[in-house]
K.L.:
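One structure, as structure tokens, below. Some questions next.
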There are 2 protein chains.
Amino acid sequence: MARTTGSDGEKTEATIREAAVNLIARLGYEAMSMRQLASEVGVQAAALYRYFPTKEELLFTLMREHMEGLTDAWEAARPVSADPAQRLSAYVRNHIAFHIERRHATHVSNMELRSLSPERLTQILRMRTAYEKELRAILRDGDETGAFSIDDTGLTAMALIQMMTGVIVWFRPGERLSIAEVTATYLSMTMRLVGAKIDAYSAARPFGRAKDAAAF
Amino acid sequence: MARTTGSDGEKTEATIREAAVNLIARLGYEAMSMRQLASEVGVQAAALYRYFPTKEELLFTLMREHMEGLTDAWEAARPVSADPAQRLSAYVRNHIAFHIERRHATHVSNMELRSLSPERLTQILRMRTAYEKELRAILRDGDETGAFSIDDTGLTAMALIQMMTGVIVWFRPGERLSIAEVTATYLSMTMRLVGAKIDAYSAARPFGRAKDAAAF
DNA sequence: GCAATAATAAAACGAACGTTCAATTAATTC
DNA sequence: GAATTAATTGAACGTTCGTTTTATTATTGC
């Protein structure tokens with residue numbers, strides 16, 4: 001047999017991406033075989049190579065697009081305001097919303113870095129560093145203007161990122177807490193962590209992502 | 001050839017463990033081959049099976065002993081005091097010190113859980129949950145006695161664990177910050193995060209691990 | 001120094017891996 | 001409706017994997 005009735009390249013590629021993210025998140029990149037992925041897609045292993053030249057290129061594509069999505073989401077959510085508390089609030093909201101929405105892709109991007117070639121690893125890390133730099137800038141501004149009180153901006157930025165991204169480890173939709181409740185609690189913890197002088201995150205709420213604002 | 005001059009079972013097993021932790025941390029469990037591990041140890045692959053019946057059993061042993069070590073360290077460091085701030089301070093100190101000391105083993109225990117069989121996974125997770133339960137108890141006590149001000153104890157415990165364990169992702173010994181400086185900053189962030197009423201972590205310092213106390 | 005045992009090497013096992021290639025069929029173009 | 005292009009199959013390639021088996025040598029206890 002060969003080409004199957006109703007087969008469509010675009011649709012197949014999308015199915016491959018989706019199945020790959022889920023499989024890699026569940027089994028790990030090394031543990032997932034191309035045959036397993038193909039079977040999940042409903043296709044023979046050879047067909048995958050029409051869309052991705054190698055297994056690693058597939059992984060890299062998933063990661064790169066995840067990071068691009070994160071950067072784009074922040075570009076869209078970044079407030080015009082110069083107030084550090086409002087900017088930090090927007091950053092936290094965006095980060096948590098994005099990572100909860102894409103738990104599996106985040107897992108892949110965080111756990112499978114070591115399976116990339118050095119050049120590709122560098123490329124992904126550069127994107128990540130650029131994204132984290134935004135947070136450091138907010139913290140520094142807030143510290144300098146007196147809105148925050150921070151011991152070490154770099155260290156605090158890393159601690160916040162780890163804390164926020166950690167949500168995907170334990171959060172399961174539909175359990176005890178809603179996304180809105182989790183976000184509110186993390187926002188409160190963040191503001192206390194950076195020593196925000198006033199309860200600024202409440203005032204900043206209208207500047208959060210439009211999508212989430214309705215939840216409050 | 002067969003038995004080599006000067007070969008010693010105990011020494012070989014210790015070397016295997018050490019090499020395995022480092023290799024798995026660097027390459028990942030699935031990506032590390034038994035032949036690669038054997039070569040690192042300076043032995044043929046077949047020799048490994050005298051000490052560990054399967055690759056997975058080797059992984060499980062590394063993880064179990066890591067978790068036992070963490071529990072034991074906390075048993076030794078746990079203060080007699082009932083003061084929540086002092087207990088939290090001791091928990092943070094112990095957690096960070098232990099994880100920085102054993103960065104590679106922590107990496108393995110956190111990243112390779114999915115390579116365990118269901119029964120072994122359950123066993124490791126049980127140990128982890130028991131350890132985290134201690135933190136939740138401290139937070140609850142502190143919240144109830146008014147020493148802390150916490151929105152959600154369970155969520156705060158997870159956030160703190162993620163934040164603290166995250167140290168191993170970016171911390172490298174001998175760089176900008178010393179272990180003592182990192183610990184102090186994390187302690188300060190933790191106390192603000194839980195809304196500790198006073199600067200209690202300073203008063204609690206004498207109750208930290210004896211080993212670290214000298215650093216202050 | 002001789003028997004028993006501990007530690008390892010060397011070779012082989014079948015299975016699974018990522019990937020390639022040629023053949024074949026469905027859809028599209030003219 | 002014939003020619004072209006897109007999508008996929010099925011089989012095969014060489015390699016590597018975890019593991020087992022058997023033989024061999026070093027060490028230990030008597």
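Just so it is clear, the model here is predicted, and its values are computed rather than measured. First the proteins, then the strands, lettered A, B, ... as listed; each starts at 1.
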K.L.:
Between B:Leu48 (CG) and C:dA9 (C1'), how many Å, whole number?
P.N.:
12 Å

K.L.:
Give a yes or no on this: more than 12 heavy atoms of other residues, nucleotides or ligands lie within 6.0 Å of atom CD of A:Glu18.
P.N.:
no

K.L.:
Please report whether the ring centroid of B:Phe98 lies less than 6.0 Å from that of B:His66.
P.N.:
yes

K.L.:
For residues A:Tyr131 and A:His95, is any side-chain donor paired with an opposing acceptor at under 3.5 Å?
P.N.:
yes

K.L.:
Can you tell me how far P of C:dA6 sits from OH of B:Tyr51, to the nearest Å?
P.N.:
11 Å

K.L.:
Let me know the distance between CZ of A:Arg50 and C1' of C:dG18, rounded to the nearest Å.
P.N.:
19 Å

K.L.:
Compare side-chain N and O positions of B:Gln44 against OP1 and OP2 of C:dT8 and report whether any pair is under 4.0 Å apart.
P.N.:
no

K.L.:
Round to the nearest Å and state the distance from B:Phe52 atom CZ to D:dT20 atom C1'.
P.N.:
19 Å

K.L.:
Roughly how many Å is it from NZ in A:Lys11 to P in C:dA26, rounded to a whole number?
P.N.:
16 Å

K.L.:
Could you state the atom-to-atom distance from CD of B:Glu56 to P of D:dT19 in whole Å?
P.N.:
9 Å

K.L.:
Side chains of B:Arg17 and B:Asn22: is there a donor and an acceptor less than 3.5 Å apart?
P.N.:
no

K.L.:
Report the distance from atom CG of B:Asn94 to atom NE2 of B:His99, rounding to the nearest 0.5 Å.
P.N.:
9.0 Å

K.L.:
Could you go through nucleotides 16-18 of chain D and list every protein N or O atom that sits under 3.5 Å from one of its N or O atoms, giving the distance for each pair?
P.N.:
{"residue": "D:dG18", "atom": "OP1", "partner": "B:Met32", "partner atom": "O", "Å": "3.3"}
{"residue": "D:dG18", "atom": "OP1", "partner": "B:Lys55", "partner atom": "NZ", "Å": "2.7"}
{"residue": "D:dG18", "atom": "OP2", "partner": "B:Met34", "partner atom": "N", "Å": "2.9"}
{"residue": "D:dG18", "atom": "N7", "partner": "B:Arg35", "partner atom": "NH1", "Å": "2.8"}
{"residue": "D:dG18", "atom": "O6", "partner": "B:Arg35", "partner atom": "NH2", "Å": "2.8"}

K.L.:
Of the listed nucleotides (D:dT19, D:dT20, C:dT8), which one gets closest to any side-chain atom of B:Ala46?
P.N.:
D:dT20

K.L.:
Can you find a side-chain donor-acceptor pair between A:Glu56 and A:Thr54 that sits under 3.5 Å?
P.N.:
no

K.L.:
Please state how far atom CD1 in B:Ile16 lies from atom C1' in C:dA7, giving the value in whole angstrom units.
P.N.:
11 Å

